[in-house]
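All residue numbers in this chain count up from 1 along the given sequence. Heavy-atom basis, side chains included; hydrogens, waters and symmetry copies ignored.
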Amino acid sequence: MQNWLEVFKFPSVERTTYDRYECTAKNQIYPYIGDKVVGDIKSADIKKLLNDKMNEGYAYTTVKKVHNVLNEYFRYLTQQEYIDRNPMISAPMIKKSNFLAAQDKENLPTSETITVFTPEEIKKFKDEAFSTFSNSKRKYQQAAAYILMLNTGLRTGEALGLLNSDIDLDNRVMHLNRGVKEISKRDGVTAEKGREVKVGKLKSATSKRDVPLNDTAIEMILDLRNEFYFGEDSPLIPDGNGNFTRPVNFRKRYYRILKAAGIETKGLHSLRHTFATNLVNGIKQADGTIKSLTPRQVADLLGHTTSEITELYYVKRDLTKLNGITDGFNL
């Protein structure tokens, strides 16, 4: 399997994707069936591996990655006629509803599992993020970057990949052209100790886009430049030396702010979810009207190919707005 990964997968997928494949193989597959000859592996061996992972409390997504890697590998072995029969045919992935039921977990709709910040939590987060020591020095570097993400829906890698020259304040827009990722250090395909920053293309073709800037976003950009500015061709959110900030450091700082503010743990992606949710559900205006955008408009802002992705995976619907909506529809 390791040979298959290095020869066939490494040159054909993104480095972050390959890191994920290799991590799944080394941690979730090799310790359990790695000592078996592939031709001796039966469907029952694979089902036992999946069932054991489920019973040990692993997340559904983690076990599904195991199944996906095994599925690709055994399909390759069958196509190359190294084995006569593909054992994966009789070892389908466990249905998500059954998987969660076995773990005594509720199979909620995807939109219900999305985590967003409430208005009260946003205030708490801002207060803590911009708090200072007794000497008036801020406690956290790059605090404005998180509020910029909250007001633009940028992914972490997109925000960290921004150069000052990508931002046009006169026309209130930023141009997304690159992203920052953290990958395993390698000598060829062999993983070495440590990780490194890679600056490259964005997640998809639609990710390369122009994002409008509201007043708060512009204020945050100016705040970031006031904190660190190394020139137009330098990152908007640099480290202390003017280089691209490592995503791991950016995340750690975010989690420290959450903890100090007394907010339950939410991933950095929750900033993006909050942005999308507020745009679709709408914000109440001073005159009492609700200002909102269509899912298609929000999809374009987020860089999604379809609005279905936006609605299913990024928006936590405000169902309280349905209260009383059937009044007058008596049958």
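The local environment of NZ in Lys266 is crowded, with over 12 non-hydrogen atoms from other residues, nucleotides or ligands closer than 6.0 Å. Residue-environment remark: CG (Asn55) exceeds the threshold of 12 foreign heavy atoms within 6.0 Å. Counted within 6.0 Å of NZ on Lys139, heavy atoms from surrounding residues, nucleotides or ligands total more than 12; the atom is thus considered enclosed. Other residues, nucleotides and ligands contribute more than 12 heavy atoms inside 6.0 Å of the CD atom of Glu232.
Put simply, OG on Ser270 and CG on Leu258 are 8.5 Å apart, with the number rounded to the nearest 0.5 Å. With rounding to the nearest 0.5 Å, the separation of CD1 in Ile46 from CD1 in Ile33 is 6.0 Å. In this structure, Gln79 CD and Asn86 CG are separated by 9.0 Å, a value rounded to the nearest 0.5 Å. With rounding to the nearest 0.5 Å, the separation of CD1 in Ile183 from CD in Glu196 is 4.5 Å. Expressed to the nearest 0.5 Å, how far CD of Gln28 lies from CG of Asp52 amounts to 12.0 Å. One distance of note links NZ of Lys198 with CD of Glu182; it measures 13.5 Å at 0.5 Å rounding.
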Next item on the list: I would like to know whether Arg209 and Glu158 meet salt bridge (Lys or Arg N to Asp or Glu O under 4.0 Å); could you show each step before the answer?
Entry: CA-CA 11 Å; Arg209 62 196 189 279; Glu158 293 172 343; 3.0 Å; yes
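Minimum heavy-atom separation, Leu271 to Leu150: O-CD1, 3.8 Å. In terms of heavy-atom proximity, Phe275 sits nearest to Gly153 at CD2-CA, 3.4 Å. Closest non-hydrogen pair, Gln142 versus Thr245, comes out as NE2-OG1, 2.9 Å. Residues Asn281 and Ser292 come closest through the heavy atom pair C-CB, 4.3 Å. Tyr140 and Ser131 get closest at one heavy-atom pair: CE1-OG, 4.0 Å. For the residue pair Glu128 and Ile257, the shortest heavy atom distance occurs at CG-O, 3.7 Å.
Inter-residue side-chain proximity for Tyr76 and Met1 is flagged as unmet; no heavy-atom pair is nearer than 4.5 Å. Side-chain contact between Lys47 and Ile94 is present, with heavy atoms from C-beta onward closer than 4.5 Å. Residues Leu213 and Val173 form no side-chain contact, since every pair of their non-hydrogen atoms from C-beta on lies 4.5 Å or further apart. A 4.5 Å side-chain heavy-atom check between Asp40 and Val37 finds at least one atom pair inside the cut-off.
When atom types are taken as modelled, the side chain of Asp300 and the backbone of Gln297 share no donor-acceptor pair closer than 3.5 angstrom. In terms of modelled atom types and a separation under 3.5 Å, the side chain of Thr62 and the main chain of Tyr58 share no donor-acceptor contact. Checked by atom type and distance alone, the side chain of Asn214 pairs as donor or acceptor with a backbone atom of Thr216 at under 3.5 Å. Not a single donor-acceptor pair under 3.5 Å links the side chain of Arg272 to the backbone N or O of Leu154. Listed for the Asn135 side chain is a donor-acceptor partner under 3.5 Å among the backbone atoms of Lys137. Side-chain N or O atoms of Tyr30 include one that pairs as donor or acceptor with a backbone N or O of Gln2 at under 3.5 Å. Between the side chain of Arg15 and the backbone N or O of Lys181 there is no donor-acceptor pair closer than 3.5 Å. Judged by distance alone, the side chain of Asp45 and the main-chain N or O of Ile41 form no donor-acceptor pair under 3.5 Å. Not a single donor-acceptor pair under 3.5 Å links the side chain of Tyr229 to the backbone N or O of Ser234. Here the side chain of Asn27 pairs a donor or acceptor atom with the backbone of Cys23 at under 3.5 angstrom.
With sequence neighbours excluded, no residue forms a ring pair (Phe, Tyr, Trp, His ring centres under 6.0 Å) with His67. For Tyr73, the ring pair (Phe, Tyr, Trp, His ring centres under 6.0 Å) partners two or more places apart in sequence, or in a different chain, are Trp4. With sequence neighbours excluded, no residue satisfies side chain to side chain donor-acceptor pair (under 3.5 Å) with Gln80.
Between the side chains of Asn164 and Arg225, at least one donor N or O lies within less than 3.5 Å of an accepting N or O. Donor-acceptor pairing under 3.5 Å is lacking for the side chains of Asn68 and Asn71. Between the side chains of Asp239 and Asn249, no donor N or O sits under 3.5 Å from an acceptor N or O. At a cut-off of 3.5 Å, with distance as the only test, no side-chain donor of His175 or Asp166 sits close to an acceptor on the other residue. Judged by distance alone, the side chains of Ser207 and Arg155 do bring a donor and an acceptor atom under 3.5 Å apart. Between the side chains of Lys105 and Tyr60, no donor-acceptor pair of N or O atoms lies under 3.5 Å. For the residue pair Tyr21 and Glu72, a side-chain donor N or O sits within less than 3.5 Å of a side-chain acceptor on the partner.
Salt-bridge formation is detected for the pair Asp19/Arg186: a Lys NZ or Arg NE/NH1/NH2 atom is positioned less than 4.0 Å from an Asp or Glu carboxylate oxygen. A salt bridge is absent between Asp168 and Arg172; no separation between the charged side-chain nitrogens and carboxylate oxygens falls under 4.0 Å. Here Lys9 does not pair with Glu22 in a salt bridge; the nearest charged N to carboxylate O distance is not below 4.0 Å.
Using bins of under 30°, 30° to 60° and over 60° for the plane-to-plane angle, the ring pair Tyr146/Phe125 lands in the perpendicular bin. In this structure, Phe228 and Phe230 have parallel ring planes: the angle between them is below the 30° cut-off, well short of the 60° mark.
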